[in-house]
Chemist: 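Take this structure, written in structure tokens, and hold onto it; I'll ask about it next.
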Amino acid sequence: MGDYLGLNFGVTQRSRGQCAIKRSAYQCRGTARLGDQSIVDYSDRDDHVGHYVLAPEGAPAWATDCRQLWQRAAAAEKRADAQEARTIDVSFPRALVREDWIELAHRLGRLLVQHGMVVQIDVHCPLASDGLPNPHAHIMATMREIDGNGFARLKARHWNKLFHGQASAMRRDWAKILNKYCRERGIHYHADHRSNAERDLPPAEIRLPRWNILHHKRTGRKTEALEKRDSERAAKAEIARLEAECEKIERGLAPSQAEAEPAPSTTTRSTKPTKPQLSVPTRYIAAANRFSTRTEKFSITPALPIPVEDDPPTPVNGP
């Protein structure tokens, strides 16, 4: 089974209350004033590792200033449901170090710059739910090409195929880059770009919007989506516990090698037939053969953790 490959694509959509300026402030752990004059502040986060802006050759100076970059990108969009930026979230193996996170994030960013996009890269490393580091990077990419001293009048819709029609190919190429990078450094890691369905695995857990968590913290009541997620987690944990218990039972029932293989005999049998000490009548031998018994071995299978049928199983008659 391949290791986890975290590479997610998205867009900032005004129809969902998102904007590029807010996303940029979140990534770089800074502050920003939004279009409605409200202020967002993420400066209290202490998990920020690095901030970089990459632009094509010949781009104006403002393109490398993330504040001016996304203000101009937002101003170029006139529709109320416009998409202001593309987003890419990528995870890194924990065995890598800080310099590796930055190098890999730059490699992914340069792939987008080659197509003419301006990208903002921010590397974060907070603690995960298991208490271990969670190194990852957030990348924002422009939706329009640079034209002179501003953005082009039309969106670069030919970029859409990179994230929709060829998204699987991009995941495959990124997995190759990541696997090669780890292999060159002697790190045991192999990412599999295929989906869970292609690998015969259960579907991944749906990531809920953060407002579900905030609502629970504020009111103490879970949303319907949060209750469903928690119930699914509890069911998966119970299934894992039962599977582990069944495996333990199977190991206990399995005969040891010493029991399965009889010890070799130390005595050597004589090839010559020995004469019987007693003379037994033939009628007694026949009577004894009629009452001889036969032993058979049966394998014991643990019961399933979840019953398949409502009706009790039909008893099976022995031989």
Chemist: Measure the shortest side-chain to side-chain distance between Cys66 and His51 over non-hydrogen atoms and say whether it is less than 4.5 angstrom.
Modeler: yes

Chemist: Hydrophobic clusters join Ile, Leu, Val, Met, Phe, Trp and Tyr when side-chain heavy atoms are under 4.5 Å apart, directly or via other members; which others share one with Leu132?
Modeler: none

Chemist: Would Phe151 and Trp62 count as a close aromatic pair, with their ring centres under 6.0 Å?
Modeler: yes

Chemist: Can you name the nearest heavy-atom pair linking Arg33 to Ile39, along with the distance?
Modeler: NH2-CD1, 3.5 Å

Chemist: Using a strict cut-off of less than 4.0 Å between a Lys/Arg side-chain nitrogen and an Asp/Glu carboxylate oxygen, indicate whether Asp130 and Arg94 qualify as a salt bridge.
Modeler: yes

Chemist: Check Arg16, Arg144, Arg14 against Glu84 for a salt bridge (charged side-chain N to carboxylate O under 4.0 Å, His left out) and give me the one that passes.
Modeler: Arg14

Chemist: Would a hydrophobic clustering, with Ile, Leu, Val, Met, Phe, Trp and Tyr connected at side-chain separations under 4.5 Å, put Val97 with Trp101?
Modeler: no

Chemist: Report yes or no: do Val118 and Ile121 belong to one cluster of Ile/Leu/Val/Met/Phe/Trp/Tyr joined by side chain heavy-atom distances under 4.5 Å?
Modeler: no

Chemist: Which pair of non-hydrogen atoms, one from Asp230 and one from Lys222, has the smallest distance, and what is that distance?
Modeler: OD2-NZ, 2.6 Å

Chemist: Should we say atom CZ of Arg98 is surrounded by more than 12 heavy atoms from elsewhere, each under 6.0 Å from it?
Modeler: no

Chemist: Take Thr12 and Gln83, measure what side chain to side chain donor-acceptor pair (under 3.5 Å) needs, and give me the verdict at the end.
Modeler: CA-CA 6 Å; Thr12 57; Gln83 299 174 350; over 6 Å; no

Chemist: Could you tell me which residues satisfy side-chain contact (heavy atoms from CB on, under 4.5 Å) with Ile187, sequence neighbours excluded, listed by chain and number?
Modeler: Ala95, Leu96, Cys182, Arg185, Tyr189

Chemist: Between Arg107 and Glu103, is the closest basic N to carboxylate O distance under 4.0 Å?
Modeler: yes

Chemist: Working note: Trp70 + Thr142, criterion side chain to side chain contact (heavy atoms under 4.5 Å, CB included); need CA distance, chi angles, decisive distance, verdict.
Modeler: CA-CA 8 Å; Trp70 300 115; Thr142 54; 3.9 Å; yes

Chemist: Donor-acceptor pair, Asn179 side chain versus Ala191 backbone, under 3.5 Å?
Modeler: yes

Chemist: Decide whether Ile21 and Val119 are clustered together by the hydrophobic rule: side chain heavy atoms of Ile, Leu, Val, Met, Phe, Trp, Tyr closer than 4.5 Å, transitively.
Modeler: no

Chemist: Going through the checks in order, is the side chain to side chain contact (heavy atoms under 4.5 Å, CB included) test met by Gln120 and Tyr52?
Modeler: CA-CA 6 Å; Gln120 174 186 339; Tyr52 313 92; over 6 Å; no

Chemist: How close do Ala141 and Met117 get, heavy atom to heavy atom, and via which atoms?
Modeler: CB-SD, 3.9 Å

Chemist: In terms of hydrophobic clusters joined by side-chain contacts under 4.5 Å, are Met140 and Val90 together?
Modeler: no

Chemist: Can Arg241 and Glu245 be counted as an ion pair, charged N to O under 4.0 angstrom?
Modeler: yes

Chemist: Rounded to the nearest 0.5 Å, how far does OG1 of Thr31 lie from CG of Asp41?
Modeler: 5.5 Å

Chemist: Kindly determine whether Ile213 and Leu208 satisfy side chain to side chain contact (heavy atoms under 4.5 Å, CB included), including the steps that lead there.
Modeler: CA-CA 8 Å; Ile213 310 299; Leu208 299 179; 5.6 Å; no

Chemist: Any chance the rings of Tyr26 and His138 have centres within less than 6.0 Å?
Modeler: yes

Chemist: As an exercise, state the distance from OH of Tyr181 to CG of Asp100, rounded to the nearest 0.5 Å.
Modeler: 3.5 Å

Chemist: How about Arg229 and Leu226: do any of their side-chain heavy atoms sit closer than 4.5 Å?
Modeler: yes

Chemist: Starting from the C-alpha separation in whole Å, work towards a yes-or-no answer on side chain to side chain contact (heavy atoms under 4.5 Å, CB included) for Phe9 and Thr87.
Modeler: CA-CA 6 Å; Phe9 306 104; Thr87 61; over 6 Å; no

Chemist: Output yes when Glu77 and Lys155 qualify as a salt bridge under the 4.0 Å nitrogen-oxygen rule, no when they do not.
Modeler: yes

Chemist: Are the charged groups of Asp47 and Arg29 less than 4.0 angstrom apart, N to O?
Modeler: yes

Chemist: Does a salt bridge link Asp81 with Arg79, judged by any charged N lying under 4.0 Å from a carboxylate O?
Modeler: yes

Chemist: Give me the atom names and distance for the closest heavy-atom approach of Cys125 to Pro133.
Modeler: SG-CB, 3.8 Å

Chemist: Determine whether the aromatic ring centres of residues Phe92 and His136 are separated by less than 6.0 angstrom.
Modeler: no

Chemist: For Asp44, which residues count as a side chain to side chain donor-acceptor pair (under 3.5 Å) partner, sequence neighbours excluded?
Modeler: none

Chemist: Could you state whether Val123 and Ile177 fall into the same hydrophobic cluster, counting links through intermediate Ile, Leu, Val, Met, Phe, Trp or Tyr residues with side-chain heavy atoms under 4.5 angstrom apart?
Modeler: yes

Chemist: Which label fits His215 and Trp211: parallel for a plane angle under 30°, tilted from 30 to 60°, or perpendicular past 60°?
Modeler: perpendicular

Chemist: Establish, from distance only, whether the side-chain atoms of Gln27 and Arg23 form a donor-acceptor pair under 3.5 Å.
Modeler: yes

Chemist: To the nearest 0.5 Å, what is the distance between OG on Ser38 and NZ on Lys22?
Modeler: 7.5 Å

Chemist: Which value, rounded to the nearest 0.5 Å, describes the distance between His106 atom NE2 and Leu111 atom CG?
Modeler: 12.5 Å

